[in-house]
Undergrad: 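Following this message is one structure expressed as structure tokens.
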Amino acid sequence: MSFASFVRVQKRDKIGNPVFDGQGNPIEGLAINPIKPHVRSYWLADPNQVSVVLPASAGANQVGAVRELNFLIDSQGHFDWASIVGISTGAFVIEFFDPGSQRRLQNRPINSDTIVGNAQRQFRLPEPYFFNIGDAQRQLKCYLRDLSGAENTVRLNLVGRRIYHKEAPPDVALDLERMFGFGSRTYSYFLTPNETRMEGTVTPVTGNGTRSFTFESDASADTEIQKLMMSATGAFTFTLRERATNRLLMPNPVHSQNGWGDAEFPFIFPDTYLLERQKQVIMDVVDLSGSTNYIYPVMAGRRLQLIP
Amino acid sequence: MVDQTRLPYADPANWARARNTPGARRDFSTHDYIPGQAIPTWIKDPESGLIVVNELKKYVKPFWLTTEDSEVITLQAGEVTDFIPMTVDGKGHFEIFDAFFKSQRSEGFTVELFDPGNLGRERPILMNREVHVATIASGGGTGSFGAATAAGRPFRWPQSFFMNVVSGTGTLMARFRNLNTTQTNQIRFVLAGRRWYHLKAPWPIANRMEEIFQEQARTFPYFFTTDQHVELDADGSLSPIMRFGDDAYVEWCKGMAVSDGAFQVRIVETATQKRLMELPVHSSLAFGTGEFPMLNWEESLFEPNYQLTFELDDLSSDTNVVWLTLGCRKIKVDPKELELIRPGTSPGRP
């Protein structure tokens, strides 16, 4: 949630005493929020390279050699990461790692079509990811591999807001620190099926064939899923089934276009779906395209960590 | 019989109807108006606690404001029009939310909107200079989304603009420039919003409407573009500036651009040299269009007289005309209220 530009404050007299009306009610006025001028939109980039060239993979839906982007957040102020935008000459897979908190933000590499938007239609993270810079720099490492079979030039930016608390007046800086100085118990996370290989490729579904994908929330945190995205080379139908209860989320198969979006227009659950730790949800797929179908489904949500 | 000494929500006739409303006692607001949102149809009567039809809603209707005489304007090649009135009749206030356009030529046209009482000073009221229509309105299509469906992607202005027909500002003057320099261009420009028919309403409702409008008097939408026309040479660079003026705080909400080709941009606050991106960002990652604007998750608030520098580099290897527009809202400040916040009392928690 962004900061309000206006705030309502109690009026004070010349020596700073609060002013009340005849009935003893505080007299209020509107004022510019003193915090707001110290918060700015920000596009985070790797400071050493505007774009990165990924070596071509051996073919489409195979991965090439890994390249790294190092998003550095300098010590001027905190960064609250809200969305992903990027432009590339082909598809790629992507992994995020936050060395400061030792967090991977996904269980397997993610297909770029499912989480990389653009300025017109940004991919909003399920929850802003906060980088508390403290007294040092922070960074986010990003590992990319081509998936298109051709040399792939990628420009990737992380969009959010900078909070320039260090340059703010002391009372404002103190307020900002109080607000953001605490560690968060939740963070954005991308869940791919366990069947996805560790480098990000998938085994295709044969024409008119069937396959099951298993999404699992591991033992370290519950996962609250908000959005469904996919990239596929053909249409398919799917059902979602909870393994523990055998409960189906739909009585009959649903067409892929009616249940899975992409980075620019994700499918958003009417209410978030809580996948508890070590619980699985099974996606049973039937291909409709009649051809070999490479399906990359991704669930986006946030991880809820237990702090005893 | 409605008791005219109070808002008519307490009309017992409405209570009887409300009892039949499913879910009447759950999840309804007592607020008859919430800024920036549609006026609720059903509200909870603060006196009876029952759900009644919001009387305000009965006197607020959708409205499209067109150019006077004809909605179609034919522009000659490169023509700049005279001032064309867009007049709202005196039946009620008009609150503008969206803008739509249609252009026969793909180059489009530019728009300036003036207050008729201010024509002599030649200063538009909603923008600092002419802006490309596709950066403040929907209608041209974008990417794979065609113009035919553009009405489904309205450009919602950063803040609604209130035209008070009572105090004489029921007219806007529009000036257009055809950006096609070789052919005529048939254009349409429409402002969409809602009419507040306060003159038709019972006086408690009319008073309530006036009260709502007065609350908004300090903020209004504003579109800032670069101080100079920007035309990049092939692979060339320019650093145009955008100055926000000294009359108000400016809150930047949305970023839009129309250009002949791709470019990259780095935005720098001129005075502080604070950069909004460490390295230049591709145009498609920093700006949207009227139909899909780049929405700032955190609106940036700038103090009066701020200036931004846009370091632009062409990526198209061709001459590249770039129209940048920042969708903002201006916030007029009462100088006395600036003194309200004293050290140690920062109240700005979200």
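Residue numbers begin at 1 in each chain, while the letters A, B, ... track the order of the sequences. What you are looking at is a predicted structure, and each value in this text was computed from that prediction instead of being measured.
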Undergrad: Quick one: CD1 on A:Ile32 to CD1 on B:Ile331, what's the gap to the nearest 0.5 Å?
TA: 4.5 Å
Undergrad: So for A:Pro169, is it side chain, backbone, both, or neither that comes closer than 4.5 Å to the heavy atoms of chain B?
TA: neither
Undergrad: Short question: side chain of B:Glu298, backbone of A:Phe3 - any donor-acceptor pair under 3.5 Å?
TA: yes
Undergrad: Hey, could you give me the OG/CD distance between A:Ser51 and B:Gln264, rounded to the nearest 0.5 Å?
TA: 9.0 Å
Undergrad: With a 4.5 Å cut-off on heavy-atom pairs, point out which of B:Pro293, B:Ser284, B:Pro280, B:Ser283 contacts chain A the most.
TA: B:Ser284
Undergrad: Shorter than 4.5 Å, heavy atoms on both sides: which option in A:Ser41, A:Ala45, A:Pro37 has the most such pairs with chain B?
TA: A:Ser41
Undergrad: Could you measure the distance from the CZ atom of B:Phe302 to the CZ atom of A:Arg40? Nearest 0.5 Å is fine.
TA: 4.5 Å
Undergrad: Against chain A, label B:Arg266 side chain, backbone, both or neither, depending on which of its atoms sit under 4.5 Å from a heavy atom there.
TA: neither
Undergrad: What part of A:Glu167 is in contact with chain B, defined as an atom under 4.5 angstrom from a non-hydrogen atom: side chain, backbone, both or neither?
TA: side chain
Undergrad: B:Trp297 side chain to A:Pro128 main-chain N or O, any donor-acceptor pair under 3.5 Å?
TA: no
Undergrad: Can you confirm whether more than 12 heavy atoms, excluding those of B:His31, are under 6.0 Å from its NE2 atom?
TA: no
Undergrad: Under 4.5 Å between any side-chain heavy atoms of B:Met277 and A:Asn157, yes or no?
TA: no
Undergrad: Please state whether the side chain, the backbone, both or neither of A:Leu44 comes within less than 4.5 Å of a heavy atom of chain B.
TA: neither
Undergrad: Using a strict 4.0 Å threshold on nitrogen-to-oxygen distance, state whether B:Glu299 and A:Lys36 make a salt bridge.
TA: yes
Undergrad: Check for a donor-acceptor pair, side chain of A:Gln122 on one end and backbone N or O of B:Leu295 on the other, with a separation under 3.5 Å.
TA: yes
Undergrad: As an exercise, state the distance from CG of B:Leu276 to CZ of A:Arg161, rounded to the nearest 0.5 Å.
TA: 15.0 Å
Undergrad: Identify which of A:Asp74, A:Leu156, A:Asn48, A:Asp80 forms the greatest number of heavy-atom pairs closer than 4.5 Å to chain B.
TA: A:Asp80
Undergrad: Relative to chain B, which segment of A:Arg162 carries a heavy atom at a distance below 4.5 Å: side chain, backbone, both, or neither?
TA: neither
Undergrad: Among B:Met256, B:Lys274, B:Glu303, which residue forms the greatest number of heavy-atom pairs with chain A at distances under 4.5 Å?
TA: B:Lys274
Undergrad: Should the pair A:Arg121 and B:Phe145 be classed as cation-pi, given the thresholds of under 6.0 Å to the six-membered ring centre and 45° from the axis?
TA: no
Undergrad: I'd like to verify something: which residue of A:Gly160, A:Gly86, A:Ser83 has the highest number of heavy-atom pairs under 4.5 Å with chain B?
TA: A:Gly86
Undergrad: Return the minimal non-hydrogen interatomic distance between B:Gly288 and A:Ala119, and the atom names on each side.
TA: N-CB, 4.2 Å
Undergrad: Where do A:Tyr42 and B:Glu278 land on the side chain to side chain contact (heavy atoms under 4.5 Å, CB included) test, with the steps shown first?
TA: CA-CA 9 Å; A:Tyr42 195 78; B:Glu278 198 59 35; 3.4 Å; yes
Undergrad: Look up atom CD1 in A:Ile84 and atom CG in B:Leu285, then write down how far apart they are to the nearest 0.5 Å.
TA: 12.0 Å
Undergrad: Would the number of heavy atoms belonging to other residues, nucleotides or ligands and lying under 6.0 Å from CD of A:Gln257 be above 12?
TA: no
Undergrad: With a 4.5 angstrom heavy-atom cut-off, could you sort out which part of A:Asp46 is near chain B: side chain, backbone, both or neither?
TA: backbone
Undergrad: For chain A, which candidate among B:Asn296, B:Ile267, B:Thr142, B:Val281 shows the most heavy-atom pairs at distances under 4.5 Å?
TA: B:Val281
Undergrad: Which pair of heavy atoms, one from A:Pro47 and one from B:Leu279, lies closest together, and at what distance?
TA: O-CD1, 3.3 Å
